Structure formats: C-alpha cells, structure tokens
*Asks:* 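The structure follows.
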Amino acid sequence: MTAAPYNYSYIFKYIIIGDMGVGKSCLLHQFTEKKFMADCPHTIGVEFGTRIIEVSGQKIKLQIWDTAGQERFRAVTRSYYRGAAGALMVYDITRRSTYNHLSSWLADAKSLTNPNTAIFLIGNKADLEDQRDVPYEEAKAFAEENGLTFLECSAKTGSNVEDAFLETAKQIYQNIQDGSLDLNAADTGVQPKQNLPRAAENNGKKDCNC
Amino acid sequence: MPNSSSTSQPATTGSETASTSYVNYVEMSAEQEYFLYELETTDSGSMGLVLRAIYDTGDVQSFARALQQRISHYDKNIQKVCSFHYQSFVDAMQELMKLKEQCQDIKEETVAIDAEIQQISQRLCQKKQEIVRYRKLMKNAKTAMDQIAVCLPVLENYAKLQEQMSNRKYYQALKTLEELEHTHLALVEKYRFTQVLAKSMAPVRLEIKEKAYSEFKDFLENIKKVAGRIGKHASKDTAEQHSFGVTDAERAKKIQEEARKNASNVEIEVSADGSIVKKNMSPKRNMKMQVEDDEQVSAQDLIDFTPVHRCCQIFNVLGAKEEFEQYYRQQRKEQCDLVIEPTHKMNNFKHYVEYLDEIVGFFVVEDQILMTQSNLSTTVDKDKLWDNALMKIRQHLDARFGGSPDVLMMLKMKKVILLFILTMKSYGYAVAPLYELLQNFRDQYNEILVKEYCAQFERDLEKDNYTPITVNSEEEFRTIIRKFPFYKRSMEQEPFPRRFPFSPFVTDAYTQAKNYLIGCLKFMDNLQLNTSAVDDTVRRCANVLLGRWAGVLKSFVHKRLSMIQLVQITINLGYLEKSCESLGAFITSKTSGEEAIGTTSHQVVLSEKVFRDVRSEVEQQIDECMRSKVDEIIDLANYDWELPAAAGQASEFISDLINFLQTTFTSFTNLPSGLAKHVCTQTCKHISQSMSDFLLSPETKCISTGALDQFSLDVMQCEMFTTRCPVAGVDPQTLSMTFADLRQLLDLVMSSDWTTFNAEYGKDHAKYLRVKASTAIVVLEKMIEFERKSTGFFGIAKGDRKKLLDTIVRQLKLLEI
C-alpha cells in the first residue's frame with residue numbers, strides 16, 4: 001500500500017466544523033461509505049476520512065478532518081484549520097441554535113485558514129421538513145452575504161451530500177487553475193503529485209524556489 | 001352203572017325196614033319187602049326205576065302175589081274202621097236233621113229283618129252316595145289346589161322377571177331368572193305351559209347380558225363427559241393443598257412491583273408481567289367461581305359407579321366374569337388412548353388445560369374403580385395403563401413445546417403441567433418422567449430466554465450512543481443510581497452536569513440481566529428443587545447468559561466500529577464486570593432471602609472472567625482501529641525520492657499524523673491508563689515500521705541525499721512526539737526506543753560513518769548496534785542508483801562518489817558473510 005502507484009493528481013484537505021449533533025460525522029460517513037450511521041456517538045477529538053473524486057478530468061484525493069463540535073474540544077481542533085483547502089460549515093435545520101452559532105464558526109474559519117480556503121455552508125437534516133426551524137431563504141441570504149456556497153443536505157438520505165463535497169473541490173481546483181492558489185506556498189491544503197515524468201519534473205523544478 | 005349203585009343202596013335200607021315193620025310175613029323175601037316199601041314211599045318220578053329193578057330180579061309173579069296180599073290186608077283194615085264208626089254216624093245224622101229245622105227258622109227270621117233294614121236304610125244309602133260324591137269332589141279340588149300352589153311361584157317370578165326387565169333392573173332380573181330355573185320350574189316340569197315359559201325365558205339371559213354391556217357403555221360415555229370436570233376439580237384440590245393459587249398471586253404481586261421498578265425499556269418484562277398478571281388473576285377468579293359451583297364435588301358425586309358394580313355382579317352370576325373383566329380393560333384402554341390423543345385443534349392454552357384435565361379425570365375414575373372393585377382392575381393393570389399413557393403424554397407435550405419459541409406460553413404450560421404432576425402424584429401415580437419433561441422444558445425455556453436476552457443485548461449495543469451518561473439534576477442522578485448502583489461517592493458533591501463513566505448501554509444491560517434472572521426463576525418455581533438447587537441453577541443460568549453476552553460482544557466489535565465506540569465499550573466492560581458480584585447478591589435475595597447468608601461460600605460464583613476475552617478482543621480492535629487511521633494518513637505520503645534538498649520542515653502527512661495522535665490521546669481522557677499506554681506504544685511501533693518500509697521498499701529504486709534529509713526530518717518529528725507524549729505515565733525513554741532502529745540507520749548513512757560501523761560490527765557495545773549490514777546495503781544501493789542516474793548530467797566529481805559507495809557496499813557484503 002505504501003508503495004502503490006499514485007492514481008490521483010492532487011490531495012485536497014477539508015475540515016468539517018459546526019455545533020455538536022448537527023451531523024458532521026454522519027455527513028462524512030455518508031460521503032465516504034455511502035451509508036447512514038443512525039446512532040452516531042459524539043466525536044471525540046477528530047476523525048479522519050478519505051475518498052478519491054474526479055474534477056475536470058483530474059483525480060483528486062480528499063483528506064477530510066471531522067472535528068468534535070463540543071466546546072471542550074474546540075481548542076484542540078483549531079490546529080486542523082491550518083492547512084485546510086476547504087471548510088464545510090454545518091448547521092442543523094431543525095435546531096435554530098446551531099444556525100445562530102454559525103457566525104462564531106465562520107469567524108474561526110476565516111481567521112485560522114488561508115484566504116483562499118473555500119468555505120461551504122451546509123444545512124443538514126433536510127429530510128426532517130416537518131421539524132424545520134431555519135427557513136431556506138434565511139440561510140441562503142446569510143451565505144450570499146458572506147460569500148459562501150450553500151446547500152441543504154440530508155446525511156440520512158444522501159441528498160446533496162456528494163454535491164457539497166464536489167462543489168467545494170471544484171472551487172479549489174478553479175483557484176489552482178486561475179493562479180490565485182499558490183501551490184508552492186505552505187499550508188495551502190493542496191498537494192500536487194510530485195513524482196511526475198522527467199519533463200514535467202523539470203517544469204516543477206523551474207517553479208521551485210530552490 | 002346207575003342201576004347198580006341204586007340197587008346196592010336200597011338193598012341195605014330195605015333190609016332194615018322189613019325187619020322192623022313186617023316181622024309177621026315170613027314168606028315174603030326181604031327183597032320183595034324192599035320193593036313194596038319203595039313203591040309206597042317214593043314219588044312217581046322214581047316209579048320207573050323201582051319197576052325196572054323188579055323186572056331185573058326176574059321174579060315178577062312172586063312180586064305180584066306179595067302185592068295182592070298187601071292189598072287184601074289193607075282192605076280188611078278198612079272194613080274194621082267202618083264197622084267201628086257206623087253208630088256214631090247214625091247219631092250224627094239225626095243231629096243234623098234237627099239242626100236243619102232250626103236253621104230254616106233262623107233263615108226266615110233273618111230275611112224278615114233284612115227286609116226291614118232295607119226299608120229303613122233307604123235314605124241312609126242315598127245320603128251315603130252323596131257323601132261319597134262330595135268327598136271325591138273335595139279330593140279333586142285339594143289336588144288341584146296343591147298343584148296350583150306349586151305353579152304359582154313360577155308365575156309370580158315370571159311376572160316379576162318381566163317387570164324387572166322392563167324396569168331395567170337386570171341384576172335382580174337375573175337372580176329371579178336363576179331362581180325360576182333352578183328351583184321352581186323343576187317342580188312343574190310335567191306341565192305344557194312350563195315348557196312354553198322355559199322357551200320364552202331362554203333369550204332373557206342373553207338379553208340381560210346385552211343390556212348389561214349397553215349400560216356399561218353408557219357408563220363409559222358418562223364418565224367420558226364428566227372426566228374433564230373431575231380432572232378440573234382434582235386439580236383445584238391439589239392447587240389448594242399446595243397453595244398454588246396463593247403462591248401465584250403473591251408472585252404476580254412481586255413481579256408487578258419489580259416491573260414497576262424496572263419500568264423503562266423493559267419490553268420483555270413489561271409484556272411478560274402484563275400477561276402473567278392478567279393470567280394469574282383470571283384463573284383465580286375462575287377458581288372462586290368453581291368453588292361456588294362445585295362445592296364439595298368429587299368423583300363420587302359426579303359419577304354413579306353402580307353400573308360397574310352391577311355389571312360385575314351380573315357377569316359373575318352369568319359365569320362370564322373373565323369375559324367382562326377383559327371387556328372392561330379393553331374398553332378402558334381404548335378410552336384411555338382416545339383421551340391421550342390430543343385433538344387437532346390444540347392451538348391455544350385453554351385446549352391444553354382441558355386436555356390434561358381429561359387425563360386427570362380418566363385416571364381418578366380408574367383409581368376409584370380399583371378401590372371398589374379390586375378384582376375388575378388391578379394395581380398392575382392401572383400402572384400399565386398409566387405408564388403407556390405417560391409415555392404418550394410426554395411425547396405429545398414434547399412435540400408441541402419441544403421447539404416452542406414462546407416464553408410466555410412455556411411459563412403457563414409449566415404451571416399447568418406442574419399442577420398435573422402434583423394431582424396425579426396425590427393419586428399414587430408415578431410422575432418422575434414428567435418432572436424430567438419439566439426440567440427439559442426448563443432448559444429449553446432458559447435457552448429461549450438466553451436467545452431473547454442476547455438479541456436484546458445486541459439491540460442495546462446497536463442503539464447505544466457510546467457517550468457517557470450526563471445528568472443535569474439530582475432527580476436524574478438518582479434515577480441512574482437506582483438502575484445501576486456503581487459510582488464514585490465523590491460524584492455526589494460534584495456540580496451539575498455530572499458525568500458517569502459508562503454509557504446507557506451499561507444500565508440497560510444490568511437491568512436486562514436482572515430481568516433474565518427473574519425469568520429463569522419463574523420457571524423453576526415448584527419444580528421440586530430445594531433452595532440451594534434453585535440458587536445454583538440460576539447462577540449457572542447467569543453464567544450462561546454472561547458467556548453468551550461476551551460472545552455477542554466479541555462478534556459485535558468485529559464490525560467496523562469507531563475509536564469512540566471501542567473505547568466506550570472498554571469502559572463499559574469494566575462496569576459490567578463489577579456488576580457480576582451485585583447480580584450474585586440479587587440472585588441470593590430472590591431465591592432464599594436471608595437464609596442463604598451462611599452458605600455464600602458454597603455458591604456458584606458468577607463468572608466475570610467471561611469478559612476478559614472480549615476485553616482483550618476490544619483492546620485489539622482499538623489497536624486495529626488506531627493502526628487503520630494511521631495507515632490512512634500514511635497513505636497520503638508523497639515522497640519525492642529524488643528531491644535535491646529538504647524542505648526544511650516535516651512532510652505534511654507527518655504533521656497531520658502527529659497532530660492527529662496528539663488530538664486523539666488528549667481528547668480520549670476516559671481511556672483507561674494502561675490501555676492508553678499500550679495503544680500509544682503499539683501505534684508508535686507501527687509508524688516506525690511503516691516508515692522503514694518506505695525507505696526499504698523495492699519499488700523505491702533510487703534515493704537522493706535530499707530525500708534522505710527530508711525523511712530524517714519526518715522521523716525526527718515522530719521522535720519529538722515520543723518525548724512529549726500526551727499519555728500520562730508513559731516512559732519517554734521506552735517510547736523513543738520504537739524509532740531507535742530507524743534513527744541509527746539514518747545517522748549511519750547520512751554521516752557516512754562506515755569506518756566505525758565496520759570496525760564495531762557484531763560487538764555488544766557498537767554505536768550502530770541496531771543496524772544490520774543487509775539493511776545498510778539496501779539503502780546504499782538506492783543511493784548508488786541515484787548517483788548513476790545523475791552521472792549523465794554532471795562531471796567527474798559524481799563519478800568519484802559512485803566509486804566510493806561501490807567500495808563501501810563491497811565491504812558491507814563481506815560483513816554479511
């Protein structure tokens with residue numbers, strides 16, 4: 001495994017943040033395993049998941065940190081913002097308090113990640129329409145106001161989960177393409193595959209600061 | 001010859017006679033005298049002989065003259081006699097003449113009297129004739145009366161017979177018939193009408209026999225109808241004697257209270273209690289009604305046994321006693337077979353109760369008949385019937401409940417069967433096989449119970465949130481403590497919210513364990529087991545459950561569980577182990593209360609060891625889980641083995657890995673200390689091994705010095721983690737050793753300290769003791785390969801370096817040998 005040939009071009013690093021119980025771990029599980037974990041215990045510290053996706057013909061491996069939402073783990077999980085190329089900020093549409101706390105999470109994200117980090121707002125538990133506590137339009141407005149991409153998802157049904165992760169990756173890839181994301185900079189959350197053919201290697205070296 | 005002998009004998013005799021009687025006749029010879037004597041005295045039969053003798057002498061003339069003389073002599077005598085009596089004769093004649101005259105007179109006088117009497121007696125004769133006729137009539141009448149008197153009993157008895165037959169009094173009829181035949185008819189056989197009677201009575205005996213059989217069949221039908229009620233009553237008596245109802249009511253009350261205590265999440269118990277409580281109440285109410293209806297009812301009251309007795313008597317008189325006995329046994333056997341064979345609609349509890357009541361009733365009746373007609377049925381016959389029935393009853397019950405998954409039904413059936421056993425036992429029937437059956441059911445019941453509670457256990461595992469229980473108020477706190485009484489006393493002084501170490505699964509499992517034990521006890525009630533036997537059995541059941549639970553848990557942890565789940569399970573296991581002692585005390589309180597205090601040391605100990613294996617399993621799974629996470633991150637490694645120069649900081653994946661470990665070991669504050677140390681150590685070993693594999697992998701063909709520098713930085717980062725390990729109690733020196741091999745290899749290669757390595761190789765205190773020559777060779781060959789690739793682009797200087805490395809490799813290979 002350690003020596004297996006790389007079959008992806010980039011590694012993108014994500015962090016999932018949000019209040020306790022909004023469904024962060026369930027979203028990760030649904031995305032990586034395509035299954036709903038019904039009775040999910042509260043995350044302790046961080047959890048970790050990976051999956052390979054394809055964006056514009058390029059295979060990209062997503063490295064996803066799932067953080068504990070409990071207040072007592074907040075300090076510990078801050079170290080994971082650094083080096084994240086994408087941040088998925090999650091609230092629960094059936095609990096208004098989780099939406100109200102988004103400002104705090106957003107502040108952390110902006111202060112602890114790179115300016116180029118793509119931040120995606122996710123309203124989870126969309127399948128519980130009858131218990132809705134946060135109108136779609138209100139959250140949509142909040143997202144636009146803060147320059148965030150927004151989707152309502154259901155970790156239970158899988159609705160929009162794939163899209164949320166993919167859209168985030170597309171934004172990151174777009175930033176790479178238009179040069180706003182510097183691959184040579186540290187802690188960008190993006191790692192290009194370096195074992196390229198000699199010619200490509202030369203190109204890489206040409207760009208290298210060394 | 002005969003003549004000769006006759007002649008000689010008469011001669012002698014004649015001589016004597018002649019000399020005595022006829023001395024006067026001298027001229028006659030003796031012989032002639034003899035001949036004359038013979039003629040005078042002999043009978044006519046001998047005349048011939050005498051005459052022949054005379055002729056044989058040849059002197060016939062002489063004899064004729066002698067004879068003539070004798071005749072003359074006699075004539076003279078006669079004349080003298082006549083002359084002598086002549087005068088008397090004349091006198092007599094004169095007297096007769098006188099008499100004649102007198103008689104004539106008497107005759108005349110008599111005729112006159114006779115005429116007078118005839119006249120006078122005329123009426124008397126008439127009366128006499130009348131008397132004679134009347135006497136004759138009276139005689140005839142008396143004779144007729146006597147004969148009729150003899151005939152009357154016959155007629156009376158015949159009429160009686162007819163009446164008795166029409167009144168179905170067959171035994172009396174039979175006795176009457178016997179009396180008629182053997183006593184009365186014998187006296188009047190000569191009359192024609194008695195023959196007709198005898199002929200008409202011939203079929204009566206047969207009819208009596210048939211009627212007796214018919215009545216007996218009716219009797220059998222009757223007891224068949226009533227058997228169920230008899231059985232029910234007998235069972236009720238037994239239940240009262242053994243305080244069955246009271247015990248059940250009491251138990252129901254206790255169960256109800258217990259259910260109230262364990263209110264939440266006790267689906268099995270609530271359902272079981274609900275049903276049992278209702279069931280226990282209803283039968284009691286029914287029993288009360290039965291008492292009112294059937295007060296003082298017994299087999300004797302419900303069944304008239306006289307038909308059996310009468311049949312015995314009838315067949316005894318008929319001389320067919322054995323026939324009836326055989327018939328009786330055959331019929332009872334067939335009836336028994338019918339009773340034992342369940343109907344096809346045995347699909348609910350009530351049907352089984354009725355089935356067993358019928359059986360009880362049958363055998364109670366049999367017992368009754370045995371006591372009153374000991375010749376009709378014997379103890380051997382009864383026991384034989386019962387043994388056969390017992391085998392079939394057992395087969396039927398086994399067939400229907402052998403595979404029953406219904407715990408409630410089995411509990412109810414256990415009570416019914418137990419009551420059946422006690423009832424039959426009280427009538428002297430052997431019941432040991434039924435106790436065996438019940439104990440088999442108990443084992444079956446316990447097995448079903450174990451399966452149910454294992455399924456519940458698994459459900460609890462599945463739905464647990466693997467989060468320590470948090471309580472926000474004193475009330476909540478007390479609720480948890482009541483369910484599971486294991487907590488640190490210091491918690492009582494802590495501010496809210498308070499956190500218990502265990503998750504809800506533990507309280508649920510503990511509650512389920514107690515409910516399971518109660519379930520086991522329910523079945524063992526009244527199974528003829530003493531207190532200590534019940535206690536031991538329940539404890540063994542508890543151990544079975546704990547063992548099964550451990551198995552379920554072991555299987556469960558092999559699913560893909562998260563670190564959080566595994567860690568919480570480890571903590572929960574600790575509390576389950578602690579609860580074993582408490583369960584033991586619970587069993588004691590349920591089986592024998594205070595009494596068992598002195599026998600504690602002899603009790604089967606609840607086995608907390610069963611959880612040791614699963615604990616090891618969980619800990620191994622934690623290792624696996626951590627290793628899996630580490631591998632996922634290491635998989636992101638992206639080494640450029642031809643890197644010209646190190647980046648100056650650790651690779652990103654290593655930074656992430658170290659950060660992850662730091663976060664995890666910091667966050668899992670509830671991880672038991674020993675386990676945390678173990679996991680940390682194992683994880684570091686794994687990382688070290690993985691890094692070595694990177695370096696030595698055959699797929700990595702060449703390594704630059706720059707790449708080595710970067711790799712060394714990464715290892716250094718790991719070493720820093722070991723020195724600042726977040727797990728309390730870990731010895732940094734010990735943990736650092738996990739990377740020692742790798743560090744020495746890197747130091748050796750990067751500093752090119754081959755002189756020292758070669759000089760000290762194989763020695764105990766060598767600086768590079770942990771490095772094997774073969775390992776060093778692998779790395780050097782990769783470096784040489786890199787140099788070879790670089791030669792084409794660069795000058796002689798690189799060539800010289802290659803030669804140097806080649807030399808070193810040759811030297812190292814010598815060391816290998």
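What you see is a predicted model, and the numbers here were worked out from it, not measured in a lab. Below, chain A is the first sequence line, B the second, and so on; all start at residue 1.
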*Asks:* Please find the pair of heavy atoms, one from Gly45(A) and one from Ser667(B), that lie closest to each other, and give the distance.
*Replies:* CA-OG, 3.2 Å

*Asks:* Between Tyr80(A) (side chain) and Phe660(B) (backbone), is there a donor-acceptor pair under 3.5 Å?
*Replies:* yes

*Asks:* Under the side chain to side chain contact (heavy atoms under 4.5 Å, CB included) rule, what do Asp656(B) and Phe48(A) come out as? Steps first, then yes or no, please.
*Replies:* CA-CA 10 Å; Asp656(B) 285 343; Phe48(A) 179 78; over 6 Å; no

